[in-house]
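First the structure, in the form of structure tokens, and then the observations on it.
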Amino acid sequence: MMKKKQSYSAEHARFLKKRRKNLVLVWSLRIGLLLLILGLWELSTQLGWVDSFLVSSPSRIGKTIASLYRDGTLFYHIGTTLWETLVGFVLAVVLGYAIALALWWSETLRKVLEPYIVVLNALPKIALGPLIIIWFGTGSKAILFMTLIVGLIVAIMHMLSAFIATDHNKILLLRSMGASKLQILTKLVVPSSVPSFISMLKINVGMAWIGSIMGEYIVSRAGLGYLIVYGGQVFKLDLVMTSTCILCILAAGMYFLVVLLEKLLVKNSES
Amino acid sequence: MKKEMLQFSDVSLIYHTKRGETKAAEHLTFTIAEGEFVAVIGPSGCGKTTLLSLAAGLLKPSEGTVERHGSCGYMLQKDELFPWRTIEKNIYLPLEIKRQKTAQNMERARALAEKYGLGDFLQSYPSQLSGGMRQRAALIRTLATDPDVLLLDEPFSALDYQTRLNVTEDVSEIIRSEGKTALLITHDISEAISLADRVLVLSKRPARVTFTHQLDFGDVVNPLKRREMSSFSGWFEILWKELNG
């Protein structure tokens, strides 16, 4: 029942100031830690404490990025992996959501398919590698499929359990108003599962990267996963480290996009 | 004779589960007339909620018939306001469900909310309101479609004592001044006495109507005033004995 724009007490001002100070401290420590790691890494290779051939170094990573850029292959590899990951992610999320809806709608269908989903969930998807190569060839299609199946089952199970967990009393309330099943779905089940949808997106960001990189390990002639495997095979650890670092940045970026979406979608809900 | 709004004739209900069947209600017979406020009390787990579900048409009786003359509005123990909707949008929910979201009906619902002190909170979210205000919003939501009969399933039991007395007062006043027929389910004897025109006592499972009392408070419908009257404790004693007898 609070109204905005009230004048705060001096104590509240101190409280806010303390919070701000704490935030500044946490962020400076975070950045400081990163700089410290990079600095120690660079220093230990410069001074010869560790072999930079084995562990690379920040400066060598910088040089590798520059040379990839000069070759014109940097954005080609990043683009390939990013495209595979994003398309696989979107496909897994959309299909998973749709299938979960269908399973929520029909209890019979849910009971019939339950053991299949459980088994598919437990199956390590990489075991399907050879089959995928034979079915889809060695191009992007195979990697997309790998990304899709890695995320799909997780998306289905996560959303289905959220749909089923819809408050029974709220369903009762809607039924007492004479709501149809479709109305219960659109007015209650879908909006009340938005927080679960967001957490599913967060999980699936990780799943999509696992899928695309795993896919590129098995097949492919391009992408960051390919660079990592290739770098490992020819002992160019600079290349491995560089690709890994770029992966870190991309995955973090994608995760933050989801967090941004979360802020847009659930700003008004009860937390 | 006033119009009968709700009529239970020899209603029995059996619940079926994997482990067997349970008789939840047996030979329930009673009627509720237009404008009447009827409270049903019974020992816990006697199937009070079952009775409301039957009245609302959410359950079909195994035997007997339930006749409804007019529309029902259901109010639950918790407010069940949707947290992602503002109070205003929550109040429009039944209009959306019944596809009656006309400008006129929305205006009616808004006017009700303003009349009963929710005007300043229409754009608030439920989490910003106190328990009592939320329950009041839930009542306005129930009234939005102008139902003929209100079915109240222990609507005060989730509130703390102080709030409960206030909300009981509010709800009673709103229901009486809107001239609604109401069926209240409760396990709280004094709540039943303070609100109702007539009290039905249910037995343990399977639920049967064991006693019916027409309360004699004359014109006094205010719950707090009733609690102060001398006949209040007399009724309490009678109903207490019947519940535990």
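From a predicted model like this one, the values you see are computed outputs, not experimental measurements. In what follows, every chain begins at residue 1, and chains take the letters A, B, ... in the order their sequences are listed.
Only the side chain of B/Leu76 has a heavy atom closer than 4.5 Å to any heavy atom of chain A. Residue contact with chain B, scored on non-hydrogen atoms closer than 4.5 Å, involves the backbone and the side chain of A/Leu188 alike.
Minimum heavy-atom separation, A/Gln183 to B/Glu96: NE2-O, 3.8 Å. Contact record, A/Leu174 with B/Leu93: CD2-CD2, 3.8 Å, taken as the closest heavy-atom pair. Closest approach of A/Lys170 to B/Phe82, counting heavy atoms only: CD-CE1, 3.5 Å.
The number of heavy atoms from other shown groups lying within 6.0 Å of CD (B/Glu114) is above 12. Counting non-hydrogen atoms of neighbouring residues, nucleotides and ligands closer than 6.0 angstrom, the NZ atom of B/Lys89 reaches no more than 12 such neighbours. By the 6.0 Å contact criterion, CZ on A/Arg30 is enclosed, its count of non-hydrogen atoms from other residues, nucleotides or ligands being greater than 12. At most 12 non-hydrogen atoms from other residues, nucleotides or ligands lie less than 6.0 angstrom from NZ of B/Lys78. Counting non-hydrogen atoms of neighbouring residues, nucleotides and ligands closer than 6.0 angstrom, the NZ atom of B/Lys98 exceeds 12 such neighbours. Other residues, nucleotides and ligands place no more than 12 heavy atoms under 6.0 Å from the OH atom of A/Tyr255. The neighbour count for A/Lys181 NZ, taken as heavy atoms of other residues, nucleotides or ligands under 6.0 Å away, is above 12.
Atom CG of residue A/Leu173 and atom CD of residue B/Glu80 lie 7.0 Å apart, to the nearest 0.5 angstrom. To the nearest 0.5 Å, atom OG1 of residue A/Thr186 and atom CD1 of residue B/Ile97 are 7.0 Å apart. Considering CE of A/Met177 and OG1 of B/Thr142, their distance stands at 7.0 Å, rounded to 0.5 Å. One finds the CG atom of B/Leu151 at 8.0 Å from the OG atom of A/Ser176 (value rounded to the nearest 0.5 Å).
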